[in-house]
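Heads up: the structure comes next, in structure tokens.
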Amino acid sequence: MQSRVDLLTAGEEAAFTTLLILILIFGFFGNIAVCVAICKDHHLRQQIPNALIFNLALTDLLTVTLVVPFCVSAIQREDWVFGHFWCQTTAFLYYTFAIVSLESLAFISLDRFYAICRPLQYRSAVTTKRLIPVIMLSWVWAIVFTTPCIFMGWFRFGQYESLCTYTFDGTGEKWKTAVITYSIITIITCIVVPFLLLLYSYVRIFAAVRHQNKRVATQQQLQHQQQLQHQQSNNRPRRRTLWNVNTAYKGYRTIVLIVILFLLSWAPFSVTRLIKIFLWNHEAVPAGADTFATVFSFLSAAANPLAYGLFRKDFRRAFAKLFCQAVQYVTCGRVNVEEQQREHSMNRATSGVQNRD
């Protein structure tokens, strides 16, 4: 077996470590901000679909807290030094959180699809009683898919992946059929299907928004023609039309961003996994590419708060409110401390005078 020194160059190690640290920082604070905003803001808490976003943020927060730091350590130390038990635990958590996160993305896209394309059915279809079982199902589904790897002994430290992960290295030919079958089923049901649902939902949403903008533009043209009979200026209708075009562009930009983030995070993982499985060669993919796929699978944990939180006005308003409250708390806290120090000094001075008397 090759040493890690031979597998990754110093430049690759530095680049992957830097990227993981950035993912850890932005993922940690970004997902905490989303969770706190939903819990503290009354308006966000009342929106039932935000339970899906909370579940996504919580899953991503657990990923960057319980998995990413150990991947950083494995890259730097060139080995796994945390013992067999934690290796099994980390691998289990990595795949469980990943599956829950992917399913949450699919459920969020379906929720937006029904809200925009089927508004009359939305209120009756999306309720708390239905949403909670859906969230629970995502966790059960993830655990059911991940647990067999523990009993089969497929979780171990992968030098090429720089993480304790699902690997068939050392399993022998007896597991070949089982490993290939399991890998194909997992990639299709846990990655491909959520991506297709996400893509279908957002394409339909964009088509619906574009159709609505065309209807609004047609109505504005009719209003404009009517106004021309009474006035010469037509600046106001044009501004409205431009506003609608700009709104459509922003919606298109958000949809493209979400799809690109999904592909960047999970396409490298799926491709490298399938290549190694079908060639039945754990070293078929270079270590740099394999570690790249591992690192980029964490990218969504840091990017999801941006795509599903900061791009929404209600979340931005909640974030601003929380920031102001935090600044006010810190400022008031410092004032209180200074007042207590002044009172303590005055009490000591008074006590000293009384003692001299």
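Bear in mind the structure is a predicted one, so any value in this text is a computation, not a measurement.
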*From CD (Gln159) to CH2 (Trp80), nearest 0.5 Å*: 13.5 Å

*Step through it carefully: locate the ring centre of Tyr182, locate the ring centre of Tyr166, and say whether they are under 6.0 Å apart.*
yes

*Verify the ring-centre separation between Phe70 and Phe82: is it less than 6.0 angstrom?*
yes

*Using a strict 4.0 Å threshold on nitrogen-to-oxygen distance, state whether Asp290 and Lys276 make a salt bridge.*
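Looking at Lys276 together with Asp290, the answer is yes, because their closest N to O distance falls below 4.0 Å.
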
Any residue meeting side chain to side chain contact (heavy atoms under 4.5 Å, CB included) with [X], in chain and number order, not counting sequence neighbours:
X      : result
Leu19  : Ile23, Val295, Phe296
Ala287 : Leu7, Leu8, Tyr160
Ala33  : Phe319

*Would you sort out whether Phe92 and Phe97 count as a side chain to side chain contact (heavy atoms under 4.5 Å, CB included), showing the intermediate values?*
CA-CA 9 Å; Phe92 176 81; Phe97 295 155; over 6 Å; no

_For residues 25-54, which residue pairs pass the ring-ring contact (aromatic ring centres under 6.0 Å, His included) check, not counting sequence neighbours?_
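Matches after skipping sequence neighbours: none remain.
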
*Inter- and intrachain pairs under ring-ring contact (aromatic ring centres under 6.0 Å, His included), touching residues 105-137, at least two apart*: Phe113-Tyr200

*Between Glu13 and Gln76, what is the shortest heavy-atom contact and its length?*
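Shortest heavy-atom separation between Glu13 and Gln76 comes out as O-NE2, 4.1 Å.
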
Is there a donor-acceptor contact under 3.5 Å linking the side chains of [X] and [Y]?
X      : Y      : value
Ser297 : Ser265 : no
Asp314 : Gln47  : yes
Ser101 : Asp60  : yes
Thr186 : Tyr95  : no

*asked:* Which residues end up grouped with Phe151 if you chain together Ile, Leu, Val, Met, Phe, Trp and Tyr wherever their side-chain heavy atoms are less than 4.5 Å apart?
replied: none

*asked:* Is the ring pair Tyr94/Phe269 parallel, tilted or perpendicular, if the boundaries are 30 and 60 degrees?
replied: perpendicular

